[in-house]
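Atom set for the values below is all heavy atoms of this structure, side chains included, hydrogens, waters and symmetry mates excluded. Every number for a ligand or one of its atoms is a count from 1 in the order of the listing.
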Amino acid sequence: MERTRSKPVQDLPETIHSLLGLKSHLTSDWINSVCNIAKNVSSSEIVSTSKEEDDDSVNVDLQSIRDQLYALSTHVNEQNKRRRQVLNEFLDLKGNIRVFCRVKPLGKDEKVRPPVSSDTSNVIIKLTETNRKAYSFDRVFEPDSSQDDVYIEIEPVIKSVIYGYNACIFAYGQTGTGKTFTMEGLPGSLGIVPRAIQGLFKQVEESNHKFRITFSMLEIYMGNLRDLLIKSQATKLKDPIPPSLSINTNEKGEINIDHLVNTEVSDFDEVFKLYKLGCRNRATASTNSNSVSSRSHCMIRVSITCLGASERRRETNKIWLVDLGGSERVLKTRATGRRFDEGKAINLSLSALGDVINSLQHKNVHIPYRNSKLTQVLKDSLGQDSKTLMLVHISPKEDDLCETICSLNFATRAKNIHLGQDESKEEQENKEALMMSLQKVMETVEEEREVSLREMRKLNETLEKFSGKPQVIEKEEEGDVIREVIPMTPKKPRNKSRRASDVFPSFMRPTASSNRRLSGADFSVMANGSGFKSRRNSMASVRAESVYLPVKKNGFDSVCDSSDRSVSKSTYGMRLNSADDATVYSQDISECDIKLVVSEHKPKVLQNGPGSASKARSKIGSFEKDVSQKVGGTEFSRINSWLRSQSENRSYVHEKKQLPVTPVSEKLHSLSRNRSLEKSSAKSFTTEKITGNELFEKLEEIEEFKTEETVVKPTPMLKDLFELQCLCSSEAEDQILSKFQNPDDESLYPPSLGYDGFSQHIDNEWFGINDTADWERDSPASIMLLERESDVKKLLPGTGFDESLKLKSQRGLVFMEDGASPLLGPQETLRGRGGCMFMQKLQALCFRILLGLGVFDVGYGNDFFNGLTK
Ligand SMILES: Nc1ncnc2c1ncn2[C@@H]1O[C@H](COP(=O)(O)OP(=O)(O)OP(=O)(O)O)[C@@H](O)[C@H]1O
């Protein structure tokens with residue numbers, strides 16, 4: 001390298017040479033001049049010269065380290081690809097849906113010999129002394145199995161997640177059999193969730209790519225999604241009500257959940273804190289079977305994004321870790337009230353999950369994902385190339401034998417196809433040999449990869465020592481620019497001020513309506529001085545409900561069929577601009593929809609008092625049967641023809657038979673009996689036309705009987721109407737309370753109503769008489785009507801519905817003045833036309849039935865509704 005040096009320094013060699021060669025020059029002057037030259041050479045010049053020479057050699061070393069790192073990283077990429085291939089082949093051979101079974105150990109006091117025995121792949125049930133039934137699974141964990149044993153079997157699935165596959169691990173089983181124990185674990189014996197997340201971070205650290213990991217946690221409670229990372233039940237007046245979660249499918253077929261908190265995490269500790277927060281928010285309760293029973297499905301989603309890693313299946317993928325609610329026989333658990341409803345909701349979604357898995361195993365064209373929220377959420381993580389693992393939990397206790405058999409049958413349904421009962425022994429042996437060889441290949445690849453990674457780490461440390469930063473290599477691979485950060489990625493500083501609820505991923509950009517929903521509480525606080533009012537208004541302002549639009553179905557829905565859809569609908573702010581209803585539609589069918597079909601037909605006991613609830617429940621079975629018939633069309637056709645005739649003739653049809661009056665007890669006893677009789681005689685009704693006044697008198701009779709604590713056996717048609725009316729109201733109220741109930745502050749919430757068919761509440765609020773009451777706006781009827789308003793508008797063009805609603809500042813249930821249409825009209829006329837009150841009530845009931853028909857989608861399209869209003 002050329003350097004510029006001072007003149008004396010340049011002359012120095014020559015001078016020394018002359019000094020050595022020509023001793024005659026050794027005069028005192030000459031010596032002085034040499035000394036001066038030496039003095040002029042600065043010390044810094046000497047140092048810098050030596051440093052630059054060192055730099056040259058270091059530069060050469062660093063470059064060679066970089067080259068080596070580049071080569072090694074390419075090699076590791078190749079190994080990763082190979083590893084992914086082998087792992088995938090291995091998992092494919094094992095089956096993409098694998099079913100494990102875990103047997104809970106007997107308690108200390110339970111010394112009896114259990115009727116359930118197991119080995120590593122079979123569970124044998126002793127049905128009688130001579131009769132046994134065997135179930136085989138991919139793996140059975142015996143009662144003494146540890147959490148380690150379980151995790152080892154699960155690890156390949158976790159590894160596949162790093163390679164871009166979606167995965168789903170869920171724990172299924174009867175309540176109290178150890179699902180939460182397996183998934184969550186105890187402090188000394190961590191379960192699958194913490195281990196899986198630890199495993200994921202370990203994989204990420206070992207990888208030579210940069211990953212972005214996010215964490216979300218939600219529960220499906222009574223058919224509704226609830227974010228567990230934000231407090232879902234506001235405890236203070238000012239607490240914002242969380243936005244409703246809705247399930248969407250993007251153009252790639254990926255499932256997204258709008259408004260679900262999706263927090264970026266950089267290490268296990270961060271995840272664990274969020275996880276604990278979520279667990280605290282989860283709905284649990286004490287039941288007969290488990291003192292801390294999960295009353296919901298708890299779902300954890302870990303999403304992973306890694307750009308430009310060619311060995312990964314997709315850039316963003318996810319794993320769902322699901323602790324399902326316990327399947328239970330409600331009769332056995334003797335659950336009542338809310339516990340009963342929770343159990344029923346859990347059972348419904350579990351059976352939907354079973355159907356989906358079974359269809360996947362059968363490779364059916366139609367996979368019924370839409371039958372529950374649970375399966376909708378898991379849609380892109382079940383089946384196809386996703387890895388699914390079901391852990392069925394059973395109890396060895398004799399007392400639980402029925403539940404055990406149910407769970408084992410459920411699990412067998414999920415697994416027995418892919419294991420290939422048709423496979424010959426030879427084929428099975430070949431498969432096992434192939435799996436063994438793949439395992440060996442995998443081990444070799446893993447070892448080689450480990451060596452490469454170790455070498456890379458060493459080189460990287462050296463590089464960091466000299467250059468002060470880890471090496472970043474940029475290279476072109478398969479057309480993509482890959483940015484690889486070789487291990488030891490510096491940790492991101494945690495943003496402590498960030499609230500979980502503030503973090504929304506980019507795809508969850510707030511829409512106008514979601515913004516309004518988010519600000520709903522603020523609005524209510526600002527608009528009202530009084531706390532009570534403001535709280536209630538905030539509740540009234542933000543309603544989220546799933547309803548099923550009356551879209552005609554063409555048989556079944558299919559995987560890629562977007563024609564049939566239900567609507568997740570949020571109705572906002574009745575006090576805001578009426579044209580400003582924020583209605584968010586998403587393509588999802590609510591689990592509630594299924595639940596509603598069943599539970600909306602709860603029998604209503606026309607008497608309040610002790611025991612009435614249990615009596616009502618005892619009739620649910622018969623009503624459910626009844627509903628299935630209705631859905632099948634038999635009874636609806638009766639309603640249909642009846643409504644048609646009444647709309648054509650402007651008169652009402654009822655059973656000719658005299659309304660019998662029976663005491664309450666007799667009535668309750670005979671209700672179910674009558675129901676079957678009614679069904680059988682449904683087609684042979686003798687009908688007569690009566691005038692509105694006559695009907696009014698009849699209805700008055702009914703009202704009188706009710707007030708005298710007696711029960712009327714109404715005509716089948718009227719009874720149906722009464723029941724439907726009551727059921728609609730109670731279900732809506734239940735759902736609203738379940739969303740907004742605040743156990744700490746019950747007084748701020750609408751009182752729970754004892755539905756007796758025609759309670760004061762219903763008179764005043766369903767029929768919109770009390771125009772000053774805030775409850776009117778908040779009443780279930782109003783909410784239901786509001787939520788379905790736009791649907792009705794579509795269905796009933798030209799009925800004046802629009803106009804009448806526009807005229808109304810109060811938006812309760814209103815009726816048409818025109819008697820021709822049984823539906824809507826100014827509500828003021830109710831007071832003026834007292835004599836026609838009951839006729840109008842009946843009209844309103846018809847209207848609600850129409851809505852109900854629409855909601856439950858029994859195949860009646862627009863024609864049906866239009867026909868009724870002509
Ligand atoms: N394999 C096991 N080893 C030790 N204890 C267990 C095991 N499985 C379950 N338990 C214990 O049994 C009790 C009930 O278990 P857990 O709460 O996990 O049941 P669950 O299936 O989640 O019930 P639920 O569906 O009602 O939530 C807990 O106290 C748990 O610690």
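When heavy-atom distances to ligand 1 are checked against a 4.0 Å cut-off, R102 comes that close only through its side chain, counted from C-beta outward. The backbone and the side chain of K179 each have at least one atom closer than 4.0 Å to an atom of ligand 1 (non-hydrogen atoms only). Residue-level proximity to ligand 1 for A171 is absent, since no heavy atom of it falls below 4.0 angstrom.
In this structure, H393 does not count as a contact residue of ligand 1, since none of its heavy atoms falls inside 4.0 Å of the ligand.
Between the side chains of S146 and D149, at least one donor-acceptor pair of N or O atoms lies under 3.5 Å. Side-chain atoms of S246 and H259 include no donor-acceptor pair closer than 3.5 Å. Residues Y163 and N317 have side chains that never bring a donor and an acceptor to within less than 3.5 angstrom of each other.
In this structure, of G173, G176, P105, the residue bringing a heavy atom nearest to atom 1 (N) of ligand 1 is P105.
Screening residues 351-361 for salt bridge (Lys or Arg N to Asp or Glu O under 4.0 Å), with sequence neighbours left out, gives D355-R413.
Applying the ring pair (Phe, Tyr, Trp, His ring centres under 6.0 Å) test to F410 and every residue at least two apart in sequence or in another chain returns Y172.
By the 4.0 Å N-to-carboxylate-O rule, E446 lies close enough to K159 to be salt-bridged with it.
Considering both main-chain and side-chain atoms, D323 never comes within under 3.5 Å of ligand 1 through any nitrogen or oxygen pair. An N or O contact shorter than 3.5 Å is missing between P143 and ligand 1 by distance.
Ligand-side atoms of ligand 1 in range of T175: 23 (O), 24 (P), 25 (O), 26 (O), range being under 4.0 angstrom from any heavy atom. Atom numbering of ligand 1 starts at 1 in the shown order; those under 4.0 Å from a heavy atom of G326 are 25 (O).
Stacking of R139 on the aromatic ring of F100 is not recorded, the 6.0 Å distance cut-off and the 45° axial limit not both being met.
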